[in-house]
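Working notes, beginning with the structure itself.
Just so it is clear, the structure is predicted and the values come from calculations on it, not from any experiment.
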Amino acid sequence: MTDPADHEKFMRNAIALAYQGMAGGHGGPFGAVIVKDGEIIGQGHNRVLSSKDPTAHAEVTAIRDASKTLHQFDLSGCEIFVNGLPCPMCMSAIFWARISKVYYGCSAADAEEIGFDDDEFYRQLAMPLEERTTPAIQLTALHEEARKCYQTWAENDSKIPY
C-alpha cells in the first residue's frame, strides 16, 4: 500500500493529468493514477471527446494502462488516485479490476455543479430497475436460453475466473 506521505504527490499527478487532458481537448477535467508498491503503474485522463468513446473516462484509461503494464487484468494490491469521485461506471471498473482503495479529491456533487451527471447516475442506480430513466426489462421468454450460455461457462473446466 502507499505511504500516506505520498498521497498528495499522487493526487497532484492525477490533477496534472486532468489539466493535460483538458488542454489537449481530449475531454473533461478528470485524471487518474494507479499505484502499486509506491510506484505509478498506470495513468490516464478523460478521453471521451478525442476518442468519441463514452467509456474513455480517466479511471478506465488508467486501468487499461496499468493492466498493460502488469500484463494482467487483476489489479489487486493497487490503489487509484483520482481528482474526482469515480462515477458509477468507473467504480464498477475499479471493482472489476480488484483495485484495493480509491483516493479522490472532488465529490459527485462537485461534478454535478460543473455539469456532469455523476450524482444523478448514483440516484438512478439506487432506484428499482423498472423505475430508472433507462429501465432494465428482463425478457423472461428467453431467460432459460440465456441461462444455458451461463451454464456453459460454469461447466467449462478451462475458464479463467475473474
Side-chain angles (χ1 to χ4, degrees), residues 1 14 17-18 21 25-36 40-162:
M1 293 295 130
L17 286 165
H26 298 164
F30 307 104
V33 297
I34 297 177
V35 177
K36 183 170 185 156
I40 294 175
I41 53 115
Q43 60 184 9
H45 59 263
N46 186 290
R47 294 180 177 274
V48 169
L49 299 178
S50 62
S51 68
K52 314 251 186 305
D53 177 356
T55 68
H57 290 198
E59 298 90 337
V60 173
T61 60
I63 288 168
R64 290 172 181 162
D65 190 41
S67 294
K68 184 178 176 182
T69 298
L70 297 179
H71 304 286
Q72 62 190 44
F73 56 82
D74 186 336
L75 300 180
S76 296
C78 294
E79 298 171 316
I80 188 167
F81 291 79
V82 294
N83 66 311
L85 179 68
C87 73
M89 176 188 72
C90 292
M91 280 304 301
S92 294
I94 289 165
F95 291 145
W96 276 109
R98 311 296 189 228
I99 292 173
S100 302
K101 198 171 285 186
V102 176
Y103 295 95
Y104 68 97
C106 296
S107 69
D110 292 327
E112 191 167 47
E113 283 180 20
I114 62 166
F116 289 91
D117 295 339
D118 300 38
D119 225 16
E120 175 58 20
F121 296 155
Y122 276 109
R123 285 190 290 273
Q124 287 290 321
L125 288 172
M127 298 171 72
L129 295 173
E130 66 281 356
E131 292 179 23
R132 297 175 183 170
T133 56
T134 304
I137 302 160
Q138 184 178 21
L139 295 179
T140 55
L142 295 177
H143 178 245
E144 285 307 313
E145 190 174 330
R147 279 184 51 83
K148 284 181 187 175
C149 181
Y150 277 21
Q151 192 60 39
T152 300
W153 168 262
E155 294 169 358
N156 180 352
D157 292 334
S158 64
K159 72 179 174 285
I160 298 173
Y162 59 93

*Should we count CZ of R147 as having more than 12 external heavy atoms under 6.0 Å?*
no
*When rounded to the nearest 0.5 angstrom, what is the spacing between CG in L70 and CG in D65?*
9.5 Å
*Quick one: pull up CD1 in I137 and CG in L129 and give me the separation to the nearest 0.5 Å.*
10.0 Å
*Interatomic distance, L17 atom CG to H26 atom NE2 [nearest 0.5 angstrom]*: 11.5 Å
*Between atom CD of E59 and atom CE of M91, what is the distance when rounded to the nearest 0.5 Å?*
9.0 Å
*Other residues, nucleotides, ligands: >12 heavy atoms within 6.0 Å of E155 CD*: yes
_Using side-chain heavy atoms (C-beta onward) and a distance below 4.5 Å, is P86 in contact with I80?_
no
*For M1 and V35, run side-chain contact (heavy atoms from CB on, under 4.5 Å): C-alpha distance rounded to whole Å, both residues' side-chain angles, the deciding distance at 0.1 Å, then the answer.*
CA-CA 8 Å; M1 293 295 130; V35 177; over 6 Å; no
*When you look at I99 and I63, which way does the side-chain contact (heavy atoms from CB on, under 4.5 Å) test go after all the steps?*
CA-CA 9 Å; I99 292 173; I63 288 168; 3.9 Å; yes
*Sort and list the pairs that fulfil ring-ring contact (aromatic ring centres under 6.0 Å, His included) and have at least one residue in residues 100-127, not counting sequence neighbours.*
H7-Y103, F30-F116, F81-Y103
*Calculate, to the nearest 0.5 Å, the distance between atoms OG1 and CD1 belonging to T69 and I40 respectively.*
11.0 Å
_Worked verdict on N83 versus C106 for side-chain contact (heavy atoms from CB on, under 4.5 Å)_ = CA-CA 6 Å; N83 66 311; C106 296; 5.8 Å; no
*Begin with the C-alpha distance, continue with both residues' side-chain angles, and end with the deciding distance and a verdict on side-chain contact (heavy atoms from CB on, under 4.5 Å) for H57 and V48.*
CA-CA 6 Å; H57 290 198; V48 169; 3.7 Å; yes
*Less than 4.0 Å between a side-chain N and a carboxylate O, is that true for R123 and E120?*
yes
*asked:* To the closest 0.5 Å, what do you measure between CG (D119) and OG (S107)?
replied: 7.5 Å
_Side-chain donor/acceptor of Q138 to backbone N/O of H143, under 3.5 Å_ = no
